[in-house]
Amino acid sequence: MLKDITIGQFYPTGSFIHELDPRTKILITFAYIVGLFIVSSFISYGIVALFVLGCIFVSKIPVKYMLKGLKPLRVIIIITFIINIFMTSGTIIYSLGPLNVTVEGLYQGTFMAFRLVFLVVGTSLLTLTTSPIALTDGIENLLNPLKPIGIPAHELAMMMTIALRFIPTLLEETDKIMKAQMARGADFESGNIINRAKSLVPLLVPLFISAFRRADELAMAMEARCYRGGDNRTRMKQLVIQKNDIISMAVMGMFIAILIYVRIR
Amino acid sequence: MSYEGALYIEFKRGIYMEKMIKVDKVTYDYSNSEKEVIALNNISLEVKQGEFVVIIGHNGSGKSTLAKHLNALLLPTEGDVFVKGLNTKDESKIWDIRQFAGMVFQNPDNQIVATIVEEDVAFGPENLGLQPNEIRNRIESSLKVVDMEEFRHKAPHLLSGGQKQRIAIAGVIAMRPSCIIFDEPTAMLDPSGRKEVINTIKKLNKEEQITIIHITHFMEEAVNADRVIVMEDGDIVLEGTPREVFSQVERLKKLALDVPQVTELAHQLIKEGIDLPHDILTVDEMVMKLCQLK
């Protein structure tokens, strides 16, 4: 049951976007997030919507699948919307006790809700089109120039890779321990929150102990395979910026330029 | 240098090359203030190039500690370990030693680093600083040796135990070692996985001429070795060909070790007065000998 969780929710379709260099995609996503904060009118949102839809179309990921990713966030979006409606001062159009609904509030609320939706859809496009490994490689590569100022780029990437590698292993183990404890009469499902939290202790303690033992063994196995940190290490998969990456960046540049133009017009 | 001098060096090198591993009076002591633990007690051992050595002994006999000395994961408290003539205490040679002497561990899950099979096999060669093309070549040939080519792009956690262990082996042979130390590689596997791994190990020894040091407590796995070493309390107590070692059924029993089932059966039959040799190791042999009885 726990095995079914897909981390990073990679959705391979082999599209133009999937084939891009992970670094390009990470940079474009950052530019996109910045771009979203330049937006100050609904006209710009129209442009953003067109852009995002265009990207989804190119990525061949079903729109339905994309929207499913929004579901867990609907509560946050609705709360943001409501808070903005009531908390913005301006022309009152409706009063509900001490709370006032204002025109500006409605405008602001809708605005914020849209921003959140675009933020989630746009960034999830990154994780949907990039495998977790490619993503870590990209991050390592982008952080590499920051090494002299003490950013441990290789170590961070290695940690992420190992974490990703061990998620299924530890989930499987959790499942096993849970069943073993249930067989001895442990109850994980009933009682109030405090009782439930307490019942997790016999699950977490063995899990932690085993995780530490695994870490120890893995470290030894890595050393036996000549691992000595990032120095002198080569990579099988070399990241290469290709024509398509440059085209994508140019498109992104144009997109940002349009947003800025609409804003200062 | 004179011609004779050069010749002498060539000659000496020849001897060195033949000696894959030399363990010279090694003691390993991890006593602390509370209790005294001597895992290895003045052990000496030599392994020749291309040899298939099996080390048996039960838990706490020091066999895993010995294994970890052979590629400098542990350093001896006293004595020296040489791998291809290099002392494991020489820190500048430690990476060469680990490349010469690869190691496969017990738990397949805890030695696979990457989320895709080929990336994991690439891990060792990447650490050696090889070029991407060479890494790809090595992945291809290593996966071929362990017969796992079709799993190249799969995720390791979806494979069976035996398959995972073969991936781990591929990861080691991709570094082109001359010797591989197997530290109970089959202990966590089911019988079919165990068979896969054992066959792979035999193949490495026969076809790739890799020196094998195999630590196990399954006696059946020792039958095909060139040499069997029995350890007990940090000491080597028995050493010889599988026939020599397993024919000493009583002695092994005293050490709380088993003998292969067939040998045990032969032993019981001999006790009952049936005329059989003491050193029967396989079922086929047993059948042959029994059929010759009149």
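Sequence lines set the chain letters: A, B, ... in the order given, protein chains first and strands last, and positions in each chain run from 1. Here the structure is a predicted model, which is why all the values come from computation and not from measurement.
At most 12 heavy atoms of other shown residues, nucleotides or ligands fall within 6.0 angstrom of atom CG in B:N133. Enclosure of atom NZ in B:K144 is not indicated, since only 12 or fewer non-hydrogen atoms of other residues, nucleotides or ligands lie within 6.0 angstrom. For A:N232, the CG atom sits in a loose shell: 12 or fewer heavy atoms of surrounding residues, nucleotides or ligands are nearer than 6.0 Å. The neighbour count for B:K89 NZ, taken as heavy atoms of other residues, nucleotides or ligands under 6.0 Å away, is above 12. Other residues, nucleotides and ligands contribute only 12 or fewer heavy atoms inside 6.0 Å of the NZ atom of A:K176.
For B:L128, the parts lying near chain A are the backbone and the side chain together; criterion is any non-hydrogen pair under 4.5 Å. Contact annotation for B:D120: both backbone and side-chain heavy atoms come within less than 4.5 Å of a heavy atom of chain A. The contact between B:P125 and chain A is made entirely by backbone atoms, counting heavy-atom distances below 4.5 Å. For a residue to count as touching a neighbouring chain, one of its non-hydrogen atoms must lie under 4.5 Å from one of that chain's; by this rule B:I112 touches chain A with backbone and side chain alike.
Scanning both residues, B:W95 and A:E223, for their nearest heavy atoms gives CZ3-O, 4.1 Å. Pairing each heavy atom of B:Q99 with each of A:C226, the nearest pair is N-SG, 3.9 Å. Taking every heavy atom of both residues into account, B:V113 and A:L218 meet most closely at CG2-CD1, 4.4 Å. Nearest heavy-atom pair, A:F166 versus B:D109, reported as atom, atom and distance to 0.1 Å: CZ-O, 3.6 Å. Contact between A:M236 and B:R136 at its shortest, heavy atoms only, is O-NH2, 3.2 Å.
The greatest number of non-hydrogen atom pairs below 4.5 Å with chain A, out of B:R98, B:Q111, B:E119, B:K68, is found for B:R98. Chain B forms more heavy-atom pairs under 4.5 Å with one residue of A:Q238, A:R235, A:M222 than with any other, namely A:R235.
Atom NE2 of B:H157 sits about 12.0 Å away from atom CG of A:L170, to the nearest 0.5 Å. In this structure, CD1 on A:I162 lies 11.0 Å from OG1 on B:T115, to the nearest 0.5 angstrom.
A donor-acceptor contact shorter than 3.5 Å is absent between the side chain of A:T234 and the backbone of B:Q131. Between the side chain of A:R233 and the backbone N or O of B:G129, no donor-acceptor pair lies under 3.5 Å.
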Would you check, one step at a time, whether the test side chain to side chain contact (heavy atoms under 4.5 Å, CB included) holds for A:R225 with B:M103? CA-CA 8 Å; A:R225 285 165 82 182; B:M103 193 156 182; over 6 Å; no
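Taking 4.5 Å as the limit, every side-chain heavy atom of A:E217 sits out of range of all side-chain heavy atoms of B:F105.
A salt bridge links A:K237 with B:E118: the distance from a Lys NZ or Arg NE/NH1/NH2 to an Asp or Glu carboxylate oxygen falls below 4.0 Å.
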